[in-house]
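All remarks here apply to the structure that follows.
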Amino acid sequence: MSSAITVKLTDNPKMKPTDEGKLGFGRVFTDHMFVCEWNKGEGWHDAKIVPFADLSIHPASTVLHYGAEIFEGLKAYRWADGSVKLFRPTENVRRMNRSAERMGLPQIPEELFLEALLKLVGIDADWVPHGEGTSLYIRPFMIGDDEHLGVHGVSHARFYIILSPSGSYYKGGLAPVRIMIEDHDVRAVRGGTGEAKCGGNYGASVRAGEKAEEKGFDQVLWLDGVEQKYIEEVGSMNIMFKIDGKVVTPALTGAILPGITRKSIIEFLKSKGAAVEERRISVDELAKALEDGKLEEAWGCGTAAVVSPVGVLKYKDKEYVISGGRIGETTQMLYDELTGLQWGKKPDPFGWVVNVK
Ligand SMILES: *Cc1c(COP(=O)(O)O)cnc(C)c1O
């Protein structure tokens with residue numbers, strides 16, 4: 001397709017939120033969105049930036065019945081000099097295409113996706129908040145949109161990008177969370193859709209999350225879907241442990257979402273000469289390491305939280321306290337390093353930061 005993205009600016013710009021402390025997550029949206037359509041004959045066409053608005057959708061649309069939906073999540077960061085940056089956006093573009101492949105949705109050209117991201121964030125750059133820890137959350141998503149009820153690969157799809165100014169994940173500063181190891185529901189199985197960022201994975205995870213919340217936990221830690229013995233990931237984050245001085249994280253088996261934060265931490269630690277083991281980790285190994293005093297730290301990692309220290313792990317009727325319920329040294333260091341890169345407070349030897357404007 002020709003990569004010309006047309007732009008129609010809004011005639012009615014909205015009021016920007018004045019109190020950045022009240023933004024929360026994903027509730028406020030900017031003035032514009034990116035829209036593009038695909039069909040089998042023409043490929044991607046009609047790429048445009050238009051005023052943010054409701055969608056019109058056929059009641060038989062594939063997405064409504066068979067979950068033909070994939071998404072991405074990244075952020076735009078406002079630096080102290082006023083500029084706006086993205087963090088490794090090409091990684092999101094590539095992951096979205098891997099998700100598309102798994103879900104029978106069309107591939108989107110990398111250049112078109114990147115151009116759309118930069119152009120849209122550029123147009124709504126005034127919406128990138130200024131406060132400490134705040135950012136503009138970027139949500140690209142694709143839906144299958146055939147207007148009939150047969151189950152099959154789609155011949156129509158739509159791709160969107162919407163933007164949402166979001167508050168700091170940590171209102172009272174970095175704080176340890178309480179995690180419940182889920183021993184009934186599973187999130188994903190090998191050969192399933194665990195490594196695709198698709199809406200269906202989240203739909204199926206809500207029940208366990210609610211159950212954990214009722215019991216006073218922040219998130220669920222998922223075990224493998226076959227033996228329910230091995231650690232996979234936590235909520236919408238990957239998980240890492242420091243055991244006996246070494247950072248270990250579950251290997252990407254096909255059931256785990258390959259996080260860009262996970263990848264960045266592994267690359268960062270390796271660049272410092274620190275070993276990172278990607279392998280299977282059983283609950284039994286964790287319990288034993290805890291009893292032997294060798295489980296030094298645990299943290300979740302993902303775009304939203306960056307790094308989230310785990311203070312308590314509950315499995316069946318046992319509650320284990322990690323790092324004395326405090327933030328571990330490596331956890332804090334990784335948080336400082338990654339947020340330092342993202343907000344331009346530390347140099348970027350990796351070339352991970354991309355300038356928007
Ligand atoms: C998005 C996501 C992650 C984290 O990925 P990042 O690229 O680091 O944000 C982890 N687990 C699940 C299930 C996810 O959807």
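Keep in mind that the numbers below use all heavy atoms, side chains included, and drop hydrogens, waters and symmetry copies. Whatever order the structure lists ligands and atoms in, that order sets their numbers, starting from 1.
- An N or O contact shorter than 3.5 Å is missing between Asn238 and ligand 1 by distance.
- The number of heavy atoms from other shown groups lying within 6.0 Å of NZ (Lys16) is above 12.
- Within the 4.5 Å cutoff, the side chain of Val247 has heavy atoms near those of the Leu269 side chain.
- When only interatomic distances are considered, the shortest N/O to N/O separation between Ile260 and ligand 1 falls below 3.5 Å.
- Of the residues listed (Asn238, Leu223, Thr249), the one engaging Glu233 in a side-chain contact (heavy atoms from CB on, under 4.5 Å) is Asn238, and it is the only one.
- Checking each of Ile161, Val50, Asp124, Leu163 against Met33 for a side-chain contact (heavy atoms from CB on, under 4.5 Å) leaves exactly one that passes, namely Val50.
- A salt bridge between Arg88 and Glu267 is present, with a side-chain N of the basic residue lying under 4.0 Å from a carboxylate O of the acidic one.
- Every heavy atom of Gly73 sits 4.0 Å or more from the atoms of ligand 1.
- In Leu257, the part holding a heavy atom less than 4.0 Å from any atom of ligand 1 is the side chain.
- If you look at Phe25 and Tyr137, their ring centroids are closer than 6.0 Å.
- Here the heavy atom of the protein found nearest to atom 9 (O) of ligand 1 is Thr303 OG1, 2.6 Å.
- Inclusion of Lys197 in the set of residues having an N or O under 3.5 Å from an N or O of ligand 1 is warranted.
- Taking 4.0 Å as the cut-off, Arg187 counts as a neighbour of ligand 1 on heavy-atom distance.
- Atom numbering of ligand 1 starts at 1 in the shown order; those under 4.0 Å from a heavy atom of Gly259 are 5 (O), 6 (P), 7 (O), 8 (O).
- Counting atoms of ligand 1 from 1 in the listed order, those under 4.0 Å from a heavy atom of Tyr202 are 12 (C), 13 (C), 14 (C), 15 (O).
- Counting only heavy atoms from C-beta outward, the side chains of Ile143 and Ile57 approach each other to under 4.5 Å.
- Pro176 is listed as a side-chain neighbour of Ile327, based on a closest heavy-atom distance under 4.5 Å.
- The single protein non-hydrogen atom nearest to atom 11 (N) of ligand 1 is Glu233 OE1, 2.6 Å, given as residue, atom name and distance.
- Residue Arg95 touches ligand 1 through its side chain alone, judged by heavy-atom distances below 4.0 Å.
- Counting protein heavy atoms only, atom 3 (C) of ligand 1 is closest to Ser236 O, 3.2 Å.
- Ring geometry for Phe87 versus Trp352: interplanar angle over 60°, hence perpendicular rather than tilted (30 to 60°).
- Distances between N or O atoms of Arg262 and those of ligand 1 include no value under 3.5 Å.
- Annotation: atom 8 (O) of ligand 1 to nearest protein heavy atom, Thr261 OG1, 2.6 Å.
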